[in-house]
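Each residue takes its place number in the sequence, starting with 1. Only heavy atoms go into these numbers, but all of them, side chains included; no hydrogens, no water, no symmetry mates.
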Amino acid sequence: RRVHGEVKKAQDAAENSDNIFMKIIRKEIPADILYEDDLSIAFRDVSPQAPVHFLVLPKKPLTMLEKATDADKPLLGHLMYVAQQVASKEELDKGYRVIVNNGKNGAQSVYQLHIHVMGGRQMGWPPG
């Protein structure tokens with residue numbers, strides 16, 4: 001069975017707090033930023049899988065969803081709200097998909113929690 005490039009990246013990835021997403025958050029690497037506030041940042045995916053594909057991340061280091069604690073509940077809700085707000089600005093009024101990859105089997109290739117928001121076309125089902 002052929003392994004997709006992102007799956008291979010996820011299998012090889014290691015938890016690392018100094019990854020590409022943290023460098024974008026610190027403005028060490030440029031990105032097409034769509035939204036930013038004190039808690040979060042949203043920017044276009046450099047390898048889009050749909051006509052509109054952006055990521056929403058917390059600025060706080062949080063490697064993966066499974067590492068979230070009770071104290072992170074307000075932040076997690078905020079990230080979903082930001083995803084909805086940016087999707088609206090991107091005119092995804094016909095719908096969009098929201099995805100969180102968690103761990104190797106979830107195909108997480110960068111260890112900073114991030115929400116993929118994809119739209120602009122009909123999504124297929126089932127995913128994955």
Of the non-hydrogen atoms in L92 and G120, which two are nearest, and what is the gap between them? CD2-N, 3.5 Å
So how far is it from K67 NZ to N102 CG, rounded to the nearest 0.5 Å? 9.5 Å
NZ (K73) with more than 12 external heavy atoms under 6.0 Å: no
E90 CD to L34 CG distance, which is reported to the nearest 0.5 Å: 5.0 Å
Note, N19 side chain near T63 side chain (heavy atom, < 4.5 Å): no
So do the side chains of H53 and L55 get within less than 4.5 Å of each other, counting heavy atoms only? yes
Gap between atom CZ of F54 and atom CE of M118 - 0.5 Å precision: 11.0 Å
Is the shortest side-chain heavy-atom distance between L39 and K60 below 4.5 Å? no
Please tell me if the side chains of H114 and F21 come closer than 4.5 Å, counting only heavy atoms from C-beta onward. yes
Is the closest side-chain heavy-atom distance between D37 and V82 below 4.5 Å? yes
Mind listing the closest non-hydrogen atom pair of A42 and V86 along with its distance? CB-CG2, 4.1 Å
Do you know the tightest heavy-atom contact between G124 and R97? O-NH2, 2.8 Å
For L65 versus L113, what's the shortest heavy-atom pair and its separation? N-CD1, 3.8 Å
Are V56 and Q85 side-chain neighbours, meaning at least one heavy-atom pair lies under 4.5 Å? no
I'd like to know whether CD of E91 has more than 12 heavy-atom contacts from other residues, nucleotides or ligands below 6.0 angstrom. no
Would you give the length of the straight line joining atom CG of L76 to atom CG of L62, rounded to the nearest 0.5 angstrom? 7.0 Å
Looking only at non-hydrogen atoms, find the nearest pair between G106 and N101 and report the distance. O-CB, 3.0 Å
Hey, could you give me the CE/OH distance between M22 and Y111, rounded to the nearest 0.5 Å? 16.0 Å
Contact between M80 and V100 at the side-chain level, heavy atoms closer than 4.5 Å - yes or no? no
For I24 against A31, the heavy-atom pair lying closest together: CG2-CB, 3.7 Å
Side-chain heavy atoms nearer than 4.5 Å, only ILVMFWY residues, links allowed to pass through others: does that put Y35 and I29 together? no
Just how far is it from atom CG of D32 to atom CG of D45, taken to the nearest 0.5 Å? 11.0 Å
Any Q112 side-chain heavy atom under 4.5 Å of I25 side chain: yes
